[in-house]
K.L.:
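Structure in structure tokens, see below.
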Amino acid sequence: MSKELTKRADNYSEWYNELVVKSQLADHSAVRGCMVIKPYGYALWENMRDQLDKMFKETGHVNAYFPLFVPKSLFEAEETNAEGFAKECAVVTHYRLKADPNNKGKLIVDPEAKLEEELVVRPTSEAIIWNTYKGWIQSYRDLPLLINQWANVVRWEMRTRLFLRTAEFLWQEGHTAHATKEEAIEETIKMVNVYADFVEEYMAVPVIKGVKSASERFAGAEDTYCIEALMQDGKALQAGTSHFLGQNFAKAFDVKFSDKNNKLEYVWATSWGVSTRLIGALIMAHSDDQGLVMPPKIAPLQVVIVPIYKGEESKPVIDEKAHGMMNALKALGIRVKYDDSDNARPGWKFAEYELKGVPIRVAMGMRDLENNVVEVARRDTKEKQTISLDGITDYLKNLLDEIQQNIYNRALTFRNENIREANSFDEMVKLLDEKGGFISAHWDGTAETEEKIKEQTKATIRCIPLDNKQEEGICVFSGKSSRERVLFARAY
RNA sequence: CGGGAUGUAGCGUAGCCCGGUUAUCGCGCCUGGUUUGGGACCAGGAGGUCGCAAGUUCGAAUCUUGCCAUCCCGACCA
């Protein structure tokens, strides 16, 4: 492994790519646009997944699993959704290979094994799920149906980037069915709140909750709620979405229920999802020139203990102290590792764990133990302190909380400093070019204006914030009247 | 998918223009030893389909074509 990481300020994009690979989160694979999530990256995903899963269950949802393949006829049933995803679908057309008669040892697709109907590899699962729900829902007593699935999906993107946009990615998708419009909207908002709580509290990434404009809306949705985060290079990242689907899918798949008055009604739907893209958000929100900065609550490893041996006789003494500390920390539920590997010296280990973003490093040598202390280094501020071994476990536990809070506060300050009001188009362009970040500006509410602004500035409307104050003004582009500001940004 | 660039050991690279002994160097790896408070040192050693495939040639890392992958700029993208 080479020592130097490209500097964040020199080339943000290169810094990001190198960081993902060098910190062992993920790697490119032999398949175009698809990544291998390595053990360290997968451990992070597992921590995120487990917490989200807990929050879904606390809000009444259960998990199920639906097929990877969607017959084309089902996929095309909801037209808006199908058209929205059509150009990025992988399609299975055959079910068998055979030996190539002209090329020994090679295989060809067996032309006789052509499928009667093509299978679409799910880019999202509304179609197969709503086709299934039709058989599950007859009465209002079957509602609400609150189901989530953890799955992989495929979207054949032209240009991919590790975690941020891969052809295959892992995610969860919730699909719920409700008796009333009000209840479905309530669910949609509830889940965008769950996402915001998770991302802010566990990933320490502040987000803005909002609603998408019509042109940024999910294909097939009546309304798309989202959480938008700001990366350190001033670009926005959509971190999660929750869709109110109205009765679109119920009508497309003919899902009706009898209400209390025995009247047949179409059900109301929502769907919501977050993906491994969140890991990209985590990296770009917190990391620095030394590497990743993991928020303690989801860090695969929270504390690493590095021994510093001086002569053979010191080894058993340090080992014993370290094991004692490790066990005490484990008893408090802290994820800790004692790295006594002898193939790297302390300095190398320090740099390595900084690259991986481990929140706390404890260095333990004879010099320390003679004074009943250890050296504690925190990753977020890179501060080193000498701490007494008496009460060290409680100290470290509290420090993890403090680091979590500090990382969040730092990201929040950065985010807040990078929301700027623009009152003219010139001002907007200037701010986007010189500062980046979110631009709060009046918009006339039309797709035409939105499109023109996008063409001229590459900035899109990220969202209309949920708690937006109502304020009379004029659209920065068209000069027409507007009732509120919306957030524009260049985005990933 | 359009324009540009790149691909040589696990990583980073020299050689390619101008074809010709055994493919260069550093890091890492293995063995032994000395070490260990910010990416150790000495000695010895292993590791190569030169991205893949075809072509030109007596001979290809080097020239030609196709393909694959990665990066940058576009287009595309909830």
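All values reported here derive from a predicted model rather than from experimental measurement. Within every chain, numbering begins at 1; the chains are lettered A, B, ... in the order of the sequence lines, protein sequences first and strands thereafter.
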K.L.:
When we call it a touch if two heavy atoms are under 4.0 Å apart, what does Met366(A) touch: a base, just sugar-phosphate, or nothing?
P.N.:
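Base contact.
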
K.L.:
Which part of the nucleic acid, if any, lies within reach of Asp368(A) when heavy atoms closer than 4.0 Å are counted: base, sugar-phosphate only, or nothing?
P.N.:
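Here Asp368(A) touches the bases of the nucleic acid.
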
K.L.:
Return the pairing partner of A61(B) with a 3.5 Å limit on both distances, Watson-Crick or G-U wobble; otherwise return none.
P.N.:
none

K.L.:
Pick base, sugar-phosphate or nothing for Glu216(A), based on heavy-atom distances below 4.0 Å to the nucleic acid.
P.N.:
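If one applies the 4.0 Å heavy-atom cut-off, Glu216(A) turns out to touch the sugar-phosphate alone, with no base involved.
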
K.L.:
Only one of Arg361(A), Arg379(A), Arg378(A) clears salt bridge (charged side-chain N to carboxylate O under 4.0 Å, His left out) with Glu354(A); which?
P.N.:
Arg361(A)

K.L.:
Taking the six-membered ring for Trp, are His243(A) and Tyr225(A) ring centroids under 6.0 Å apart?
P.N.:
no

K.L.:
What nucleic acid atoms does Lys315(A) come within less than 4.0 Å of, heavy atoms only: base, sugar-phosphate, or nothing?
P.N.:
nothing

K.L.:
Under a 3.5 Å limit for both distances, which nucleotide forms a Watson-Crick or G-U wobble pair with G26(B), could you say?
P.N.:
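Base-paired to C11(B).
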
K.L.:
For a quick check of understanding: with a heavy-atom distance under 4.0 Å over all strands, which category does Glu14(A) fall into, base, sugar-phosphate or nothing?
P.N.:
nothing

K.L.:
Expressed in whole Å, how much space separates the C1' atoms belonging to G39(B) and A54(B)?
P.N.:
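One C1' to the other, the span is 46 Å.
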
K.L.:
Within the 4.0 Å heavy-atom criterion, would you say Arg361(A) contacts the bases, only the backbone, or no part of the nucleic acid?
P.N.:
base

K.L.:
Indicate, with a heavy-atom threshold strictly under 4.0 Å, whether Arg32(A) touches base, sugar-phosphate, or nothing.
P.N.:
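Sugar-phosphate, backbone atoms only, no base.
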
K.L.:
Counting any heavy atom closer than 4.0 Å, what does Lys87(A) reach on the DNA or RNA strands: base, sugar-phosphate only, or nothing?
P.N.:
sugar-phosphate

K.L.:
Indicate, yes or no, whether a donor-acceptor pair under 3.5 Å links the base of G38(B) to the side chain of Glu354(A).
P.N.:
yes

